[in-house]
Amino acid sequence: MFAKKAKQEVTSYCDWMSQLPPELHNIPLFDLTIPGSHDSMSYDLDVNSSIIEPDILKILSKTCCARKMVRRWAVTQEETITKQLDAGVRYLDLRIARKARDRDPTRLYFYHGLYTRTDVETVLRAIHDWAERHPKEILILALSNFQGFDKAIGAQLHKHLISFILTLFGAKLIHIRDTPTLRSCWAKGRNIIVSYDYPTLQHGELWSKILYYYADSMDTTMVESKLSHMLETAKPVKCFFVCGLNLTLPADARILKYILRLCGNFAKVAQRSLPRLLRWVKQQAAKTPMNIVASDLVTRDDFVPTVVKLNAWRPVKA
């Protein structure tokens with residue numbers, strides 16, 4: 001097995017997929033290296049919303065100071081979805097929630113610690129409009145978690161959201177039965193993949209859950225070690241998978257060690273770790289080719305160029 005370097009180079013990350021060399025147009029998208037954002041909507045968290053997670057802090061939802069602390073440590077992205085896409089991100093991690101006591105029975109938001117200010121339908125329309133302007137860029141939307149979808153209304157909410165997705169994206173959706181390549185997607189005029197993490201889902205236009213590897217740690221050394229082990233022992237074949245570079249706050253009382261820092265926030269911690277994690281990505285990719293690489297702060301530290309440039313070296317048969 002040898003590798004060859006693609007001669008053509010990407011010059012604009014807003015349209016990087018359309019600039020990849022022809023020899024990469026016919027390989028499955030599972031075999032491309034694609035930059036993604038972790039908790040993509042967290043830039044939009046509403047400090048006036050109730051606290052959703054962690055459980056240990058829910059009781060403090062009425063306290064403005066507590067909500068502000070949660071927001072400082074829950075914001076993993078700084079730029080809007082449109083700016084993330086403009087920067088070259090092609091995988092979006094979208095965690096869905098319904099606000100308790102919302103007068104609109106089907107209105108949904110995103111969340112990470114707090115609810116977002118902007119609702120799901122507004123954001124999905126913005127993604128659709130961006131995809132219209134960039135027909136050769138393939139977007140992967142991973143919808144998951146579905147907080148607040150209780151037994152009484154859960155089925156109705158899923159039905160409403162799926163119907164909205166199918167109507168909005170329509171002929172742009174890449175079906176799960178396909179093995180998508182850039183060329184096949186361009187030929188069919190399709191450039192949206194929707195992964196919907198709901199076990200009873202039966203829609204050929206939607207994909208099931210995409211496997212997401214992450215280390216569940218705030219320790220960069222631990223993140224590198226755990227991800228290396230996962231990629232070297234359990235990397236899936238012929239399907240999408242995510243290597244998550246994101247640091248993860250503890251879900252128990254240990255979280256107080258971080259959020260009680262008066263001058264601290266998650267962005268500062270993530271910014272310190274990202275350069276090292278990107279060096280690890282380049283080293284690890286030589287051993288175990290990656291598919292989607294997701295991170296916090298995706299518009300910083302050359303994250304997108306580093307990931308996209310991994311496509312310049314592709315394994316070929318001797």
Side-chain angles (χ1 to χ4, degrees), residues 6-41 43 77-94 120 122-143 165-166 168-176 178-196 205-207 210 239-243 289-295 297-300 302-312 314:
K7 295 180 181 179
Q8 185 173 328
E9 293 187 1
V10 171
T11 58
S12 168
Y13 292 98
C14 186
D15 294 286
W16 67 266
M17 285 182 161
S18 65
Q19 297 177 54
L20 289 177
E23 58 263 34
L24 300 183
H25 294 179
N26 290 319
I27 69 172
L29 296 182
F30 317 137
D31 294 329
L32 287 181
T33 312
I34 299 169
S37 66
H38 166 248
D39 272 308
S40 306
M41 281 297 300
Y43 65 88
Q77 304 298 339
E78 302 170 303
E79 300 291 354
T80 66
I81 285 290
T82 299
K83 288 185 178 180
Q84 290 179 44
L85 294 174
D86 284 343
V89 167
R90 296 295 175 264
Y91 167 91
L92 299 175
D93 173 20
L94 303 172
V120 168
T122 298
V123 172
L124 292 182
R125 288 192 187 99
I127 293 171
H128 171 274
D129 293 345
W130 194 93
E132 282 268 298
R133 298 191 299 271
H134 303 267
K136 286 194 169 185
E137 300 301 299
I138 315 303
L139 309 185
I140 304 170
L141 317 181
L143 279 62
I165 289 169
L166 297 180
L168 175 65
F169 295 122
K172 290 185 176 299
L173 290 171
I174 299 166
H175 292 202
I176 194 170
D178 299 332
T179 300
T181 67
L182 289 174
R183 192 175 302 281
S184 69
C185 292
W186 296 343
K188 295 176 182 178
R190 301 179 186 273
N191 67 335
I192 301 284
I193 290 172
V194 175
S195 161
Y196 199 97
E205 301 95 331
L206 304 182
W207 295 61
I210 294 175
C239 63
F240 291 111
F241 68 96
V242 182
C243 174
M290 299 178 184
N291 181 209
I292 300 163
V293 180
S295 178
L297 305 180
V298 291
T299 54
R300 290 200 191 188
D302 288 328
F303 167 70
V304 168
T306 297
V307 175
V308 171
K309 286 176 182 176
L310 297 177
N311 289 300
R314 302 303 312 171

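A donor-acceptor pair is defined here as one N or O able to donate and one able to accept, closer than 3.5 Å; no such pair exists between the side chain of E137 and the backbone of N191. Between the side chain of D31 and the backbone N or O of N291 there is no donor-acceptor pair closer than 3.5 Å. Remark: side-chain polar atoms of D15 are not paired, donor with acceptor, to backbone N or O of K136 under 3.5 angstrom. When atom types are taken as modelled, the side chain of S40 and the backbone of D93 share a donor-acceptor pair closer than 3.5 angstrom. Panel note: side chain N311, backbone V308; a donor-acceptor pair is recorded below 3.5 Å. Judged purely by atom type and a 3.5 angstrom limit, Y91 has no side-chain atom pairing as donor or acceptor with the backbone of A142. Side-chain atoms of Q77 come within 3.5 Å of backbone N or O of V298 as a donor-acceptor pair. No donor-acceptor pair closer than 3.5 Å links the side chain of E205 to the backbone N or O of L166. Counting only distance, with no hydrogens or angles, the side chain of R90 and the backbone of G36 share no donor-acceptor pair below 3.5 Å.
Minimum interatomic distance between R183 and P22 (heavy atoms only, all atoms of both residues): NH2-O, 4.2 Å. Nearest approach of I138 to C185, heavy atoms of both residues: CD1-CB, 3.7 Å. What you find for S295 and F303 is that their closest heavy atoms are CB-CE1, 3.5 Å. Across all their heavy atoms, R125 and L168 have their closest contact at N-CD2, 3.9 Å. The nearest pair of heavy atoms linking F240 to P180 is CZ-CG, 4.3 Å. When all heavy atoms of I81 and L94 are compared, the closest pair comes out as CD1-CD2, 4.5 Å.
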Apply the test side chain to side chain contact (heavy atoms under 4.5 Å, CB included) to residues I34 and V307: give CA-CA distance (whole Å), side-chain angles for both, the deciding distance (0.1 Å), then the verdict. CA-CA 7 Å; I34 299 169; V307 175; 5.9 Å; no

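In this structure, the side chains of P35 and W16 come closer than 4.5 Å at one or more pairs of heavy atoms. Proximity of H175 to R190: side-chain heavy atoms (C-beta onward) are separated by under 4.5 Å at one or more points. A heavy-atom distance below 4.5 Å is found between the side chains of I165 and Y196. Between L143 and V120, every side-chain heavy-atom pair lies at or beyond the 4.5 Å cut-off.
The NZ atom of K172 lies 3.5 Å from the CD atom of E132; values are rounded to the nearest 0.5 Å. Residue L139 holds its CG atom at 7.5 Å from CD1 of I127, rounded to the nearest 0.5 Å. Atom-to-atom distance recorded for L92:CG and L85:CG is 5.5 Å, nearest 0.5 angstrom. Between I192 atom CD1 and W130 atom CH2 the span is 9.0 Å, to the nearest 0.5 Å. In this structure, F30 CZ and T179 OG1 are separated by 5.5 Å, a value rounded to the nearest 0.5 Å. Rounded to the nearest 0.5 Å, atoms CD1 (I27) and CG (L20) are 8.5 Å apart.
Screening L173, I176, I140, L141 for a side chain to side chain contact (heavy atoms under 4.5 Å, CB included) with W207, the sole residue that qualifies is I176.
Classification of K188 and D178 as a salt-bridged pair holds, one side-chain N sitting under 4.0 Å from a carboxylate O.
Of the N and O atoms on the side chains of E79 and T299, not one donor lies less than 3.5 Å from an acceptor on the other residue.
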